[in-house]
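Below, each value reflects all heavy atoms present in this structure, side chains not excepted, and no hydrogens, waters or symmetry copies. We're numbering straight along the sequence, starting at 1. Just so it is clear, the model here is predicted, and its values are computed rather than measured.
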Amino acid sequence: MIPVEEARARILSAFQPLPAEAVALSEGLGRTLAEDVLARVTQPREAVSAMDGYAVRAADVAHPPTTLTVAGEAPAGGSYDQALQPGEAVRIFTGGPLPHGADSVVIQENTEAQEDGQVLIKIGAEPGQFVRPAGLDFRAGDLGIAAGRVLSARDIGLAAAMNVPWLKVRRRPRIAILSTGDELVLPGEPLAAHQQVGSNAPALAAYVSSCGGQATNLGIAPDRKDALAALSEGARGADLLVTTGGASVGKHDLVQSALSEAGMALDFWKIAMRPGKPLMFGRLGEVPVLGLPGNPVSSLVCAVLFLGPAIEVMMGRDPNAVPTASAELGNELPANDRRQDYLRGSFVTQDDGRQVVTTAVRQDSSMLATLAHADCLVVRPPFAPPAQAGERVEIVLLKDGVC
């Protein structure tokens, strides 16, 4: 068995960022930016008013109250095209361009319009007051969004404001998922004696989608080498083939032998972790193969630790971005053996600010409900001594809406 970190390093070394593709701005949400986005315009393009009021020369209103002649208007989308002269003001509205010669805005509340085309300025203004200078937000050529960012609604808005209609994003990783086992049936199908519902493929497909990939479910392969090899043909052109179940070497564990006979070069098999010991990694032609255990919890825990980071690499993102933290242990734990444990747990923030994590009483790798109700994994290094309540432990956070 190899350590978890070595397995992770060997898996991630097999991947690299995928090529970029251009998508319309409207299709960019949630995609990973492959190329910096630079502003194509200056925003605002010229000095504009931040408020409704009057554009003035600050020197003219230095000693209020002052009466000025209203020379014209400057609405948003319009302009006052003449230079402002001493003793003049221009009625201006939010977003209206500042007339040449004006350097300040007196807000409407501090003025009083007169019937003879003049305005009474009740309170003075400093130069630049309520003025948004040209380029306040950004200037043409400025870096707006850096490559590697997962685009949010805010980013889409910024790109639009920068007059960028197309975005270069990483192609979505294509992940083929193949379940194995005579005992499995699809959700909703009748269950015969000794059969069980196959939950791994739907869970893994959802996980892949949440990470930004495209999942293809190749179906369930019965425990026959020819059937497994035939279904694996569906992974041609994929960026990764993920199998679940059959990764061990028992009588019915045929994934390793069947794919090896089909040409798979095995990198490693078995890692020193729990759950997830029978993890397999290799390459079938041009397609990397990640063989996950069949137990539902083992499958998803390994997805969080290995599949997710591989997708991050393909998306040009940081594979070390799995959220981790430390918390105070709320229960005792026994000494650990040579395998690194990932215990399902729940953590809460106490009234005094302490974050306390409590592990589930039973950690059987078939108990999917326990994982669904957990919000973190407590990491127990190999040969860790007994832990007492109150000790600090490392946890891997299970992100809402992901896993």
Side-chain angles (χ1 to χ4, degrees), residues 24-26 28-29 33 35-167 353:
L25 189 63
S26 59
L29 183 65
L33 199 61
E35 193 175 90
D36 291 345
V37 175
L38 305 181
R40 301 176 63 206
V41 294
T42 295
Q43 174 67 25
R45 299 173 66 184
E46 56 192 332
V48 297
S49 177
M51 303 288 283
D52 290 349
Y54 290 85
V56 300
R57 299 167 69 250
D60 288 343
V61 296
H63 305 288
T66 304
T67 300
L68 302 177
T69 300
V70 180
E73 288 191 350
S79 65
Y80 178 76
D81 296 327
Q82 302 178 43
L84 191 68
Q85 300 300 316
E88 291 183 339
V90 166
R91 182 77 169 100
I92 198 165
F93 300 88
T94 303
L98 206 68
H100 179 70
D103 60 5
S104 185
V105 172
V106 178
I107 62 173
Q108 184 171 305
E109 294 88 331
N110 294 335
T111 67
E112 185 178 313
Q114 307 295 299
E115 294 182 356
D116 55 359
Q118 294 187 316
V119 61
L120 176 65
I121 306 297
K122 300 177 181 179
I123 297 178
E126 297 294 326
Q129 183 170 295
F130 299 120
V131 174
R132 293 173 179 152
L136 173 65
D137 199 357
F138 49 80
R139 291 187 175 274
D142 282 355
L143 172 63
I145 315 169
R149 182 173 175 86
V150 180
L151 294 167
S152 67
R154 290 169 288 129
D155 299 317
I156 299 300
L158 177 57
M162 294 190 300
N163 200 29
V164 176
W166 296 90
L167 300 165

Do you know which two heavy atoms are closest between [X] and [Y], and how far apart they sit?
X	Y	answer
Pro44	Leu136	CD-N, 3.6 Å
Val48	Pro97	CG1-CA, 4.0 Å
Gly141	Leu38	O-CD2, 4.0 Å
Arg139	Gly135	CG-CA, 3.8 Å
Phe138	Ala39	CD1-CB, 3.7 Å
Gly144	Leu158	O-CD2, 3.6 Å

Self-check item: Pairing residues for Arg132 by the salt bridge (Lys or Arg N to Asp or Glu O under 4.0 Å) criterion, not counting sequence neighbours
Solution: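 For Arg132 there are no salt bridge (Lys or Arg N to Asp or Glu O under 4.0 Å) partners, ignoring immediate neighbours.
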
Self-check item: For Glu112, all residues meeting salt bridge (Lys or Arg N to Asp or Glu O under 4.0 Å), sequence neighbours excluded
Solution: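 Glu112 satisfies salt bridge (Lys or Arg N to Asp or Glu O under 4.0 Å) with Lys122 only.
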
Could you list the donor-acceptor pairs under 3.5 angstrom formed by side chains in residues 74-82, with sequence neighbours left out?
| unit_1 | atom_1 | unit_2 | atom_2 | d |
| --- | --- | --- | --- | --- |
| Ser79 | OG | Asp81 | OD1 | 2.5 |

To the nearest 0.5 angstrom, please state how far the [atom1] atom of [X] sits from the [atom2] atom of [Y].
X	Y	atom1	atom2	answer
Phe130	Ile92	CZ	CD1	13.0 Å
Ile156	Leu167	CD1	CG	5.5 Å
Ile123	Thr66	CD1	OG1	11.5 Å

Going by side chain to side chain contact (heavy atoms under 4.5 Å, CB included), name the residues that satisfy it together with [X], two or more places apart in sequence or in a different chain.
X	value
Ala58	Asp103, Ser104, Pro127
Thr69	Gln118
Asp155	Ile145, Arg149, Leu151, Ser152
Ala160	Leu25

Quiz item: Please walk me through it: do Leu98 and Val105 pass side chain to side chain contact (heavy atoms under 4.5 Å, CB included)?
Solution: CA-CA 9 Å; Leu98 206 68; Val105 172; 3.8 Å; yes

Quiz item: If we only count heavy atoms from C-beta on, is the Thr67 to Val119 side-chain gap below 4.5 Å?
Solution: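 They are not in contact (no side-chain heavy atoms under 4.5 Å apart), so the answer is no.
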
Quiz item: side chain to side chain donor-acceptor pair (under 3.5 Å): which pairs involve residues 48-60, sequence neighbours left out?
Solution: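 Qualifying pairs: Asp52-Thr94, Arg57-Asp60.
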
Quiz item: Is there any side chain to side chain donor-acceptor pair (under 3.5 Å) pair reaching into residues 37-46, and which pairs are they, with sequence neighbours excluded?
Solution: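 Checked against side chain to side chain donor-acceptor pair (under 3.5 Å) - neighbours excluded - no pair reaches residues 37-46.
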
Quiz prompt | Partner set under side chain to side chain donor-acceptor pair (under 3.5 Å) for Gln108, not counting sequence neighbours | solution =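 Arg91.
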
Quiz item: Is atom CD of Glu126 surrounded by more than 12 heavy atoms (other residues, nucleotides or ligands) closer than 6.0 Å?
Solution: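 No, the 6.0 Å shell around CD holds no more than 12 heavy atoms from other groups.
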
